[in-house]
Each structure stands twice: as C-alpha cells, then as structure tokens.
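For the single chain, residues carry numbers from 1 onward in sequence order.
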Amino acid sequence: MGNIRELDQSTINQIAAGEVVERPSSIVKELMENSIDAGATMISIEIEEGGTKSIRITDNGKGIEKDDVRIAFLRHTTSKIKTALDLLSVSSLGFRGEALSSIAAVCQVELLTRTSSNMEGIRYRIEGGKEVGYEEIGIPVGTTFIINNIFFNTPARRKFLRTAQTESGYVSDIVEKIALSHPEISISFKSNGKVRVHTSGNGSLKDVIYSIYGKEIIENIIEINEHNDFMTITGYIGKAIVSKGNRTFENYFINGRYIKSNIISKAIEDGYKFILMQHKYPFTVLNFEINPEFLDVNVHPSKMELRFRKSEKIYPMISECINDTLIEKPNIIDVKLEKESEKRANIKYMPEPFETKRQHILGDTDDSDHVVREETIYNKPSVTPSVMKETNKYNVQNLPEVSQNDTLKTDEKVSAPLQQEVTDVYENFLSDIAKPKHNIIGQVFDTYWIVQYNEKMYIIDQHAAHEKVMFESLMEKRKTGQIHTQMISPPIILNLSMNEADLIQRYLQNFKEIGFEIEPFGGQDFAVRGVPTDLYTLDSQEVLMEIIDNLSNESAKMSPDILTDKIASMSCKAAVKGNNRMSFREADELITQLLSLENPYNCPHGRPTIISMSKYELEKKFKRII
C-alpha cells in the first residue's frame, strides 16, 4: 500500500463534482431549482450544442447578496439549512450546498446577480474552482448564470457525454419536468436559438401540459384530486389511449420536487393494471404533497431519490385513487344470473353415436336434446360440406352433415385439461407428398386450427402463423427493395416531444426504408404522408409511435437488428388476431404459406406456431392405454 496523503482542495472539488454534475442537464436542474427557491416567477434557459458549449439561465428571483457571492461557491455552504435537524423537514429544492462548488470545479462560470436592496449588482467569474474576476455592474434584480465549456479541465469525463442532440434532449426533459411541477412560473427554453419550451406561468397545469405535449394528450386526460390525513394527490392522469411503450410519460413530483421512486411508479402502474395492455405505461402528471416528516430527501447527491417513512400507506392510496378515477361508474342494470345448479340442470349433452342409433330405433329421438355447444368445432361453411370437400385441398372428410340451422357447440368443461406435449414437427409433415394427406379438422376457440396427419394431431396458432408469414414476406420485400408505400390524404399529424422529434429527424431515411413517408410540419410536428402498404388498414400512427417509443432508449441505434425488430412489430400488428374466425379456405391458404417457409415453427417473437400431440399420448390421457 502506498503512503496515505491528504488530497488537495482542487481534487476534492472535482471528486465532489462527479457526484452532482453528471452532464449539462444536471447543471440546468441544480440552477433552476435554485431559481425556484429564490422566489423567481420567470426563468429562461438557453443552451448551445446540448449545453456542452454554453448554458445561460436567468431568473427574476431575489438575487444573492454581495457578501454572499464568494461564499456561495464554497463547499457545504447553503442558506436552506443550519443544522442536521433541518434535514428532517427541509422543504426547499436545493439545500446540500455542493451545487455551485461542483459546477465551478469543472466549468467556466460567470455569475451576474443583484438584490432589490442594492443599486448595483455583482459580476463574478470562477473557472475550475479558482476566482478570476469580481466587479460591480448595473443589472436588473435577479440572477444570471453563464456556464461555458463543461468539463474543460477534465477531458476524460467530457468523452462520456453523448452527442449534442442527445444532451439537448436530456436538458429538455429536465426543463419540461420542472415546468410541469411549477405551472405558476413562466419557463422558456431555447436550444441553439430555437424555442423548445415556453409556458405562461398562469398557474394552470393543463396549459403547461398542452404546451409540452399538445392537443391529443390534453383531450385524453382526467383530473385527479384526492387527500387523506397525511397526503394530497393532485394533477392529471391519461386515458389508456395515450399510453406509451416506456415510462417517459410518467411524471410525478413530491412537494414540487421531480424525483424517481420505484414505490410511486409501481403504485401508479398497479392503478392501471386492468386498464392498460402489458408493456404499456400511462401518462401522468401528479403532484404529491406529503408531510416532510415522512420523507428523507437526503439520499442521493442529485436529490432525485427519496425514502418514505410511511410507504405501506402511501402505496395503496395512490393505486386505489388512480384506479377509482379511471373506472367510470355508469348506471348498470342489476341482472341476476341463474344459479349454478339451475345452469347445470339445463345443460344437455350430445349422446354417444351408439346412443343416437338406439334412440332412432326406439323412435324417441328429440331434436331438442342435441347439444348446444359453446365453442365451434369447425366453422359453418358458406357452401355445403360436399362442395367444401371438393374445393378444399386439405381433404375435409368424415365430417357430419350439418344443416344451415344446426350448430355444433359444447358447454361441457373438462375437469382435467389435457397437458399437451410440445414435440418437434416431423419434416415429412412439411413435404409436398404429405400436404395432400393433411386432414384439417377445424378451428377451436376461434384461434387454433387442428390438422391430423398420420398418427399425430397438429395445432396451429393462426395469429402466430400469420405473423410469421407476414414477417418473412416483409423481410423479403425489404431485402429486394420492394416494400411499397401507400400515400394517404389527409396526412397523419404527429405532435411529438422534443426527444421524439429528434428521433424522427435522425432516422427519417430508416423510416422511409420500411415504408413510411414522413416530413417536418413545423416546430416539433411531423406529417406522415405515406405508410407501408401492408399496414394501410391498421392504426399506422400507433405502430409508428411504438417504434419511436422503443427507439427512445438512449442506447438504441437504428441498426439492422433494430429494423428487424420493427418489421416483426409491424407484422404482428398486421397479422390476423386470435378470437377471429377464418374460413377453411383462408386457413388452408395460411397453413400452406406457413409450411412453405424455411422455419415455420416459431413466430418472430419466438413463440411456437405449431405444437403436436400423438395419437398414443391422447390414448394414454383417456386411459385407453395403460
């Protein structure tokens, strides 16, 4: 072990800066929170090159006293707390006393500030933790910070910053979050001279939501206002129609502070548990006013995390409150269902074939005793079964003759469901010789098709099968450059956030490659003038936004693999769904296309398209074989 030595102040400051200043957005967050604590009603933010070149933040708050300017840049100096006891009830956004010191340690900083009690203000400059200028100047009341060249003296850390566009997106996200948590403050944000965010400061949260997210969101949100003895919940939650594929729309604040909390996120999502589909996340802008005694915000240097002292009470209230708000309570007629015993008494079962013959001989056949089953054994054809046999190459044979007035159904429930054994599909099942011998039995649950071949029963999932066929077709078209675009009029107008707009702009050519024609429509809006032909009958906007949601992951690149995933998603959307009836002829064509593929056994997401069960296994299940 080397000799132990005390670090110099510059090194100490740079280590501390690493805890607070991660990227330009960290600086913007700290300085905006200071502005709010100073009582500002107006804050303007301007950045260049994502904030890596310069950040300028101006407010009309109370300013910093002349004698406090130098002290403000020392470590562990703050006006928010005096003793450790104050940490238990701190209500200001900034309080740790490390922000300015940390920012000054790795940036070139210029401060302009004046209080109402002074005729002149102060211009103070500090670079790398060292003072380089102090003078009195005439300026308005308030504070302006000009931050230049982040990490100018720590180039190794600068290399970990992302592109200017990505860093700008992080800054925009922080500005939007703070604007949503403080609708009473007018906030403007410019990036490279372009206005990205502007709020009026009129106190209306709904107006802020509109200015950031646009018309579609504002038309699909529900106000929430609930409280109990230790917590108040106010704000807006979105209907299911405005859900997303990631958590970027989940905004929540504790006593005006933007934080991240697994407890809060889980409670919100549980409130939507029976409202949203799996892997969909809600839109929320919620402010939780909680007694500071129940919070510990001194958990993380960035103050983005906190601990609850009554989490066991906070969690259920949030979840139940959201669920109650979402579920409408219309006037529902109270219909009494028949008792289970009466229901069972009314069930009539199909007799075995020998019993049917016996009844016919005895003359006591009652047509009303024929089964009324719940699940279709096979679709009633639009032509007679005899004609179907001639037109269907799957040789649909040995089916009972069914008149147009009869339906074969079942209401029986099997007490012990079959444990189907998934086996490898024999290659001969796919051969040209085997295909004419396939015997399509029918469709069950409007989703699965049963095909008999030799001593095996094959069960095919129509959605997974169609998805696979669509995927292979789209991949082949992309490979040969034959993906066609269907132009639409009027175009679909997308109202996007700054991050989403940047993603669209960055990958315009890639979207064109998979069939979308998109062009800028002013500001952060884009016009979709063409969609892939194969998606023309679908909700193209939903498919497109799902792709954007997935790309919003910061590590995502529009690589060939990502494109493959998107095409898989598109084929999934375009495929026939389960619980949709198909005719024998449609099923015949689908199965033929599936079995002609090189790998027909799995859909693009890895789920099986075909499972099989042997006659031997069935006979074992029915105890025919011991």
Side-chain angles (χ1 to χ4, degrees), residues 25-45 57 59-61 80 90-96 99 169-189 196-214 217-218 221-227 231-238 247-261 263-265 267-268 282-292 294-295 297 299-300 302-306 308 314 318 321-322 497-499:
S25 60
S26 307
I27 296 174
V28 171
K29 176 182 180 293
E30 294 288 348
L31 296 182
M32 287 187 71
E33 288 180 345
N34 282 349
S35 295
I36 294 169
D37 287 339
T41 59
M42 181 280 297
I43 306 173
S44 68
I45 306 98
I57 298 182
D59 69 56
N60 64 350
K80 317 299 172 52
V90 65
S91 59
S92 60
L93 299 181
F95 62 89
R96 293 175 61 89
Y170 292 144
V171 174
S172 176
D173 187 54
I174 285 293
V175 172
E176 289 173 359
K177 295 289 191 292
I178 293 178
L180 289 167
S181 62
H182 292 277
E184 76 282 2
I185 300 175
S186 175
I187 294 176
S188 65
F189 168 52
R196 299 293 193 177
V197 177
H198 181 76
T199 66
S200 64
N202 65 1
S204 169
L205 176 57
K206 203 166 187 178
D207 286 354
V208 179
I209 294 173
Y210 179 80
S211 68
I212 293 174
Y213 293 106
I217 295 292
I218 209 70
I221 57 177
I222 307 168
E223 187 172 9
I224 191 169
N225 192 335
E226 297 289 340
H227 64 88
M231 179 170 68
T232 299
I233 306 176
T234 58
Y236 293 88
I237 58 177
R247 291 187 173 91
T248 55
F249 270 16
E250 285 186 18
N251 305 289
Y252 47 86
F253 314 94
I254 305 291
N255 298 347
R257 183 194 305 277
Y258 168 56
I259 55 95
K260 295 179 181 178
S261 166
I263 291 175
I264 299 283
S265 290
I268 289 173
F283 173 89
T284 64
V285 180
L286 296 172
N287 190 41
F288 302 94
E289 292 293 334
I290 303 176
N291 188 327
F294 301 141
L295 303 173
V297 293
V299 176
H300 190 275
S302 67
K303 305 185 294 295
M304 291 282 285
E305 301 174 12
L306 49 71
F308 298 100
I314 290 172
I318 295 172
C321 175
I322 288 176
S497 68
M498 181 179 172
N499 282 341

Nearest heavy atoms of [X] and [Y], plus distance in Å:
{"X": "Val197", "Y": "Glu176", "answer": "CG2-CG, 3.9 Å"}
{"X": "Leu205", "Y": "Gly235", "answer": "CD2-CA, 3.9 Å"}
{"X": "Asp59", "Y": "Ala40", "answer": "CB-CB, 3.7 Å"}
{"X": "Ala99", "Y": "Glu30", "answer": "CB-OE1, 3.5 Å"}

Is there a side-chain contact between [X] and [Y] (heavy atoms, below 4.5 Å)?
{"X": "Tyr252", "Y": "Ile318", "answer": "no"}
{"X": "Tyr210", "Y": "Ile217", "answer": "no"}
{"X": "Met32", "Y": "Ile187", "answer": "yes"}
{"X": "Tyr258", "Y": "Leu180", "answer": "no"}
{"X": "Phe288", "Y": "Ile264", "answer": "yes"}
{"X": "Ile57", "Y": "Asn34", "answer": "no"}

- Item | With sequence neighbours excluded, residues passing ring pair (Phe, Tyr, Trp, His ring centres under 6.0 Å) with Phe249 |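 Result, ring pair (Phe, Tyr, Trp, His ring centres under 6.0 Å) vs Phe249: Tyr213, Phe283.
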
- Message: For Tyr236, give me all partners under ring pair (Phe, Tyr, Trp, His ring centres under 6.0 Å), at least two apart in sequence or on another chain.
- Response: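 For Tyr236 there are no ring pair (Phe, Tyr, Trp, His ring centres under 6.0 Å) partners, ignoring immediate neighbours.
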
Partner residues of [X] under the side-chain contact (heavy atoms from CB on, under 4.5 Å) criterion, sequence neighbours left out:
{"X": "Asn202", "value": "Ser200, Ser204, Asp207"}
{"X": "Thr41", "value": "Asn60"}
{"X": "Ser497", "value": "Asn499, Glu500"}
{"X": "Ser25", "value": "Arg23, Tyr170, Val171, Ile174"}

Rounded distance (nearest 0.5 Å) linking atom [atom1] of [X] with atom [atom2] of [Y]:
{"X": "Ile224", "Y": "Leu286", "atom1": "CD1", "atom2": "CG", "result": "6.0 Å"}
{"X": "Ser186", "Y": "Ile43", "atom1": "OG", "atom2": "CD1", "result": "9.0 Å"}
{"X": "Asn287", "Y": "Asn225", "atom1": "CG", "atom2": "CG", "result": "11.0 Å"}
{"X": "Thr199", "Y": "Ile185", "atom1": "OG1", "atom2": "CD1", "result": "8.5 Å"}
{"X": "Glu289", "Y": "Ile254", "atom1": "CD", "atom2": "CD1", "result": "9.0 Å"}
{"X": "Ile268", "Y": "Glu250", "atom1": "CD1", "atom2": "CD", "result": "5.5 Å"}

